[in-house]
Amino acid sequence: MSPPATAADEPGLALHHVGVRFGGLVALDDVSLRVPPGRIVGVIGPNGAGKTTLFNVVCGFVRPTEGSLTLDGRSFRPRPHALTRLGIARTLQGVGLFAGLSVLENVVAGASHTARAGFAAALFGLPRSDRDERRLRVRALDLLTELGVEKYAGAAPATLPYPVRKRVALARALIARPRLLLLDEPAGGLGADDVAELADLVRALPDRDDGCAVLLVEHHMDLVMSVCQELVVLDFGKVIAAGPPDRIRDDPRVTEAYLGADVPAEPTGSAS
Ligand SMILES: Nc1ncnc2c1ncn2[C@@H]1O[C@H](COP(=O)(O)OP(=O)(O)OP(=O)(O)O)[C@@H](O)[C@H]1O
């Protein structure tokens, strides 16, 4: 099985032979993948396969022990608070909205070059020109409208249903106009209807005016199968399959990894 192309001069994000060890435990082993501009790539795998570790490598929370990352062919070392400068935004498992800010202020906070500065500016009223502030608030409201949650703009996040908070977190990630959006288990905690609506939103992300590529780490099979153009399957830290969802669905190595099923043995020809 050959992993997706990883030529260093290709546009988009690429991981090249990335390995991560936690002491004696190999969490990622020789993982290569690419997220080309405008594509939606999913990373799936059973529990403990290394999905979160991979996400954390791309966000800069975990430093690889082997291999490298490139963005448009240029080597880079991601740092969590400098991602937006690279055109990368993320949503995390759970929601992570700032409790002391309204929904609208939360979204505006995502627009700063670092979320931390945006948060500080919003919290402490640090100077941002009135015009910039107005422009950001208009854009934040546009995003909330696009995601169908504008009526909650003035609300405190804690008062809102979980699926609404998830949409707010998505708006906060999108306000920075990322070219790559990292989504960590966005379907977690959502019911079937909300997952179907989320699928529509994610599928549309590359086609928006500020369209972006998506790297989606997710357990929810229906979601990944319906939105991703390319899947990478991890098991015990290794890429065991990669390709379009239709091919992955029928791949016996993937079924085996998920179900622990034995790959059918060759017939022995012996009759009993
Ligand atoms: N900080 C850490 N220190 C030690 N081991 C870790 C650490 N983080 C993850 N691991 C181990 O690395 C392996 C991969 O874990 P990871 O969380 O990346 O898998 P996952 O595919 O996201 O799993 P899940 O679907 O259950 O969230 C597991 O064996 C896990 O116990």
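From a predicted model like this one, the values you see are computed outputs, not experimental measurements. Numbering of ligands and ligand atoms starts at 1, following listing order.
The shortest N/O to N/O separation between Glu185 and ligand 1 does not fall below 3.5 Å. Residue Gly50 has at least one nitrogen or oxygen atom sitting less than 3.5 Å from a nitrogen or oxygen atom of ligand 1, judged on distance alone. At least one N or O atom of Ala49, backbone or side chain, sits closer than 3.5 Å to an N or O atom of ligand 1.
Using a 4.0 Å cut-off to heavy atoms of Lys51, the atoms of ligand 1 that qualify are 18 (O), 19 (O), 20 (P), 21 (O), 22 (O), 23 (O), 24 (P), 25 (O). Heavy-atom proximity to Leu25, at under 4.0 Å, picks out these atoms of ligand 1: 11 (C), 12 (O), 13 (C), 29 (O). Remark: ligand 1 atoms within the under-4.0 Å shell around heavy atoms of Pro46 are 21 (O). Heavy-atom contacts of Ala27 reach the following atoms of ligand 1: 12 (O) (cutoff under 4.0 Å).
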Check: residues 189-206 side-chain donor-acceptor pairs under 3.5 Å, at least two apart:
from   : atom 1 : to     : atom 2 : distance (Å)
Glu197 : OE1    : Arg167 : NH2    : 2.7
Asp200 : OD1    : Arg203 : NH1    : 3.0
Arg203 : NE     : Ser226 : O      : 3.0

Which atom pairs, donor and acceptor, lie under 3.5 Å between side-chain atoms of residues 137-149 and protein residues at least two apart or in another chain?
from   : atom 1 : to     : atom 2 : distance (Å)
Arg139 : NE     : Ile175 : O      : 3.4
Arg139 : NH2    : Leu174 : O      : 3.2
Arg139 : NH2    : Asp210 : OD2    : 3.2
Thr145 : OG1    : Leu141 : O      : 2.7
Glu146 : OE1    : Arg208 : NH2    : 3.1
Glu146 : OE2    : Arg208 : NE     : 2.6

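A distance of 14.0 Å separates CZ in Arg177 from OG1 in Thr84, rounded to the nearest 0.5 Å.
Neither the backbone nor the side chain of Val62 has any atom closer than 4.0 Å to an atom of ligand 1 (non-hydrogen atoms only).
The residue from Gly45, Gly188, Gly48 that puts a heavy atom closest to atom 23 (O) of ligand 1 is Gly48.
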Run the salt bridge (charged side-chain N to carboxylate O under 4.0 Å, His left out) test on Arg74 and Asp72 for me, step by step, so that the C-alpha distance in whole Å, both residues' side-chain angles and the decisive distance to 0.1 Å come before the verdict.
CA-CA 6 Å; Arg74 273 193 294 275; Asp72 295 339; 5.2 Å; no
Report the C-alpha separation of Arg34 and Glu230 in whole Å, then their side-chain angles, then the decisive distance to 0.1 Å, and conclude whether the salt bridge (charged side-chain N to carboxylate O under 4.0 Å, His left out) test is met.
CA-CA 10 Å; Arg34 198 162 80 84; Glu230 183 87 21; over 6 Å; no
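Put simply, the side chain of Val168 does not reach to within 4.5 Å of the side chain of Tyr152, judged on heavy atoms.
Note that Arg172 lies in the cation-pi zone of Phe98, set by a 6.0 Å cut-off to the ring centre and a 45° limit from the axis.
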